[in-house]
Amino acid sequence: MFDLKLLQKEPERVAAMLEKRRSKLDIAEFTVLDDKRRALLQEVESLKSQRNSASAEVAKMKRAGEDAGELLASLGSLSERIKELDASANDLVQDINQWLLSIPNMPHESVPAGSDENDNPVLCTWGEKPSFDFTPKEHWELGTTLGGLDFERAAKLSGARYAVYWGWAARLERACASLMLDIHTTEHGYTEVMPPVIVNKDSMTGTGQLPKFAEDLFKLEGLDHYLIPTAEVPVTNLHRDEVQAEDDLPRAYAAFTPCFRSEAGSYGKDTKGLIRLHQFNKVELVRFTTPERSYVELEILRGHAEEILRRLGLHYRVVTLCTGDLGFSAAKTYDLEVWLPGQDKYREISSCSNFEDFQARRANIKFKPKNAKKAVLAHTLNGSGLAVGRTVVAIMENYQQADGSLVIPEALRPYMGGREIITPPESAA
RNA sequence: GGAGGGAUGGCCGAGUGGUUGAAGGCGGUGGUCUUGAAAACCACUGUGGGGUUACUCCACCGGGGGUUCGAAUCCCUCUCCCUCCGCCA
């Protein structure tokens, strides 16, 4: 949720930001609504004040055994009037709330200006592109040939944009998730959490998916429940409507869950393979922190995600999302892009964001600073650590051999029963 | 699925329709006492919003509606939790 105070105090700054984000919201319209709301509020509150003191008078007279009939008679119409004004004030507040819910977060000052993903500057790279003395295959071809990926049967079961994993591929997905969770929980200090993957509307609103992005979600028929598009939703909402002690921050949670996305509007994009599915697995890292520390925490979080790629020996680069590419709720985002030789391009495998107090304001996530009287909004961050399906893609494309076999990265071998190589033909079906 | 019982501040827990924003306790903060600490005692201690912003007003007792001059308290409805029965991975 956008900060109402900031909007009232610095509408020009907000308007400039919206411009940069190519949003069509009209700040002038908001100002009119807000002024109206305040005028109405003052009127109705002064009427209520009158009513309250008159009611107190009635109570006093009754206790004294006096007849309050005359006073009572005069109060009926006052209450009627209050009821009417209250109703219209409520409508206005609703309107203004809808307004605030549809304003994207303010980018951090360090976020580069730009209009789309082509303007995202590369911050750094790690490793090198592997060299091949043959033309590397794309993962769907390799995976299908090796008997691990089955898109035809997935289409039969569910339709386009689903995958069936067989045998070694299923285990590889599981191995990746285990490696990630083990590193994050034992080395990076995260607490593992396994949340529901079906959540209610309040949770979706808390992290910013609703009300604006309903079409991206799978909604359960006849219910106000949704399949999560990322574990960010249930995990961030764990502390919704809670006040935490400062000593309990930062909190760090790691969750491995399936994620569900309708992918509305992505027709024709990445139609092959595991890159863009309606259902995929992800290890998500979520951190709750204080405003002072949140940008330090963002770097820490990014480091945790990067560490997985390093352990797997996968070449990647880090880009900073520019203002035009930044997500709705984020103040700053780094994308980790892994090198995919089969596709000859870098692909996003993790997105690490600081939301500052944007989600915290929506979800009412607070903490009480030491020696402070009042609780204040916490800052929330999250990042993929990593997208598991895409990690499998990266391993397949980077570790393929000329003979069509696949070498298992060393870090994963303990999770693969010691297996070092996958060779064709090996079909479970 | 059937039958009952609940939901009150950071937590626990009182609350006959009329100075109840809400007793009491715990926790927290400050203070007295102490060489220090503990104990004891004293004081303070919810959130959001409006204004003429060292003050004052309004709202909030799970959510939403209603009755009333006045609702934590009465009525309706929804959600969630608990107990018992049935079913079940």
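Note that the structure is a prediction, hence the values are computed from the model and not measured.
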Quiz: residues 245-252 of chain A side-chain donor-acceptor pairs under 3.5 angstrom, not counting sequence neighbours:
unit_1 : atom_1 : unit_2 : atom_2 : d
A:E246 : OE1    : A:K370 : N      : 2.7
A:D247 : OD1    : A:K370 : NZ     : 3.1
A:R251 : NE     : A:Q244 : OE1    : 2.3
A:R251 : NH1    : A:Y253 : OH     : 3.3

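- When the C1' atom of B:rC78 is taken as reference, atom CG of A:N200 falls 14 Å away, rounded to whole Å.
- Residues forming a salt bridge (Lys or Arg N to Asp or Glu O under 4.0 Å) with A:D325 (at least two apart in sequence, or on another chain): none.
- For A:F358, the ring pair (Phe, Tyr, Trp, His ring centres under 6.0 Å) criterion is met by A:F328, not counting sequence neighbours.
- B:rC81 and B:rC26 have their C1' atoms separated by 23 Å, given to the nearest Å.
- As rounded to the nearest Å, B:rU16 and B:rA23 have P atoms that lie 15 Å from one another.
- For A:E348, the salt bridge (Lys or Arg N to Asp or Glu O under 4.0 Å) test picks out no residue, with sequence neighbours left out.
- To the nearest 0.5 Å, the span separating CG on A:L301 from CD on A:E306 amounts to 10.0 Å.
- Residue A:E80 contributes atom CD, which lies 13 Å from atom C1' of B:rG66 at whole-angstrom precision.
- Atom CD of A:Q50 is separated from atom P of B:rA59 by 13 Å (rounded to the nearest Å).
- At a threshold of 4.0 Å, the pair A:E299-A:R302 counts as salt-bridged, since one of the basic side-chain nitrogens sits closer than that to a carboxylate oxygen.
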Let me have the donor-acceptor pairs involving side chains of residues 95-104 of chain A, under 3.5 Å, with sequence neighbours excluded, atom names and distances please.
unit_1 : atom_1 : unit_2 : atom_2 : d
A:S102 : OG     : A:Q98  : O      : 3.3
A:S102 : OG     : A:W99  : O      : 2.8

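- B:rC41 sits 36 Å from B:rU53 when the C1' atoms are compared, rounded to a whole Å.
- Shortest non-hydrogen contact noted between A:K282 and A:S384 is CD-CB, 3.8 Å.
- Atoms CD (A:E246) and C1' (B:rG10) sit 15 Å apart, rounded to a whole Å.
- In this structure, A:L223 places its CG atom 11 Å from P of B:rU79, rounding to the nearest Å.
- In terms of the ring pair (Phe, Tyr, Trp, His ring centres under 6.0 Å) criterion, A:H225 has no residue partners (sequence neighbours excluded).
- Distances shown here put a side-chain N or O of A:S49 below 4.0 Å from the OP1 or OP2 atom of B:rC58.
- Taking atom C1' on both nucleotides, B:rU20 is separated from B:rC78 by 28 Å, rounded to a whole Å.
- Taking 4.0 angstrom as the limit, A:S79 places a side-chain polar atom (N or O) nearer than this to OP1 or OP2 of B:rG70.
- B:rU19 and B:rG13: their P atoms are spaced 26 Å apart (whole Å).
- Between A:N364 atom CG and B:rG10 atom C1' the separation is 13 Å, expressed in whole Å.
- The P atoms of B:rA7 and B:rA72 are separated by 15 Å, rounded to the nearest whole Å.
- For A:S110, the side chain to side chain donor-acceptor pair (under 3.5 Å) partners at least two apart in sequence or on another chain are A:H108, A:K332.
- Spacing of C1' atoms, B:rU68 relative to B:rG17, comes out at 9 Å, to the nearest Å.
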Once each nucleotide of nucleotides 46-51 of chain B is scored for protein heavy atoms under 4.0 Å, what B/S/- sequence comes out, 5' to 3'? -SSBSS
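- Side-chain rings of A:H379 and A:Y295 stay apart, their centers remaining 6.0 Å or farther from each other.
- Using atom P as the reference point in both B:rG9 and B:rG15, the two lie 15 Å apart (nearest Å).
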Pairs under 3.5 Å (Watson-Crick or G-U), crossing ones as [ ], inter-strand ones as |: RNA chain B comes out as ((((((((.[[[..)..(.....]]]((((((.......))))))((((((...)))))).[[[[[..)....]]]]])))))))....
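- The line from CG of A:L149 to CH2 of A:W168 is 5.5 Å long, rounded to the nearest 0.5 Å.
- Qualifying side chain to side chain donor-acceptor pair (under 3.5 Å) partners for A:T391, counting only residues two or more places apart in sequence or in other chains: none.
- Rounded to whole Å, atom P of B:rU79 lies 14 Å from atom CG of A:D202.
- Here A:K156 does not pair with A:E152 in a salt bridge; the nearest charged N to carboxylate O distance is not below 4.0 Å.
- In this structure, A:D241 atom CG and B:rC80 atom C1' are separated by 14 Å, rounded to whole Å.
- Near RNA chain B, defined here as any heavy-atom distance below 4.0 Å, the residues from residues 83-94 of chain A are A:K83, listed numerically.
- Classification of the A:H188-A:H184 ring pair by plane angle, with boundaries at 30° and 60°, yields tilted.
- Residues from residues 51-61 of chain A placing a heavy atom under 4.0 Å of any atom in RNA chain B, listed by number, are A:R51, A:N52, A:S55, A:V58, A:A59.
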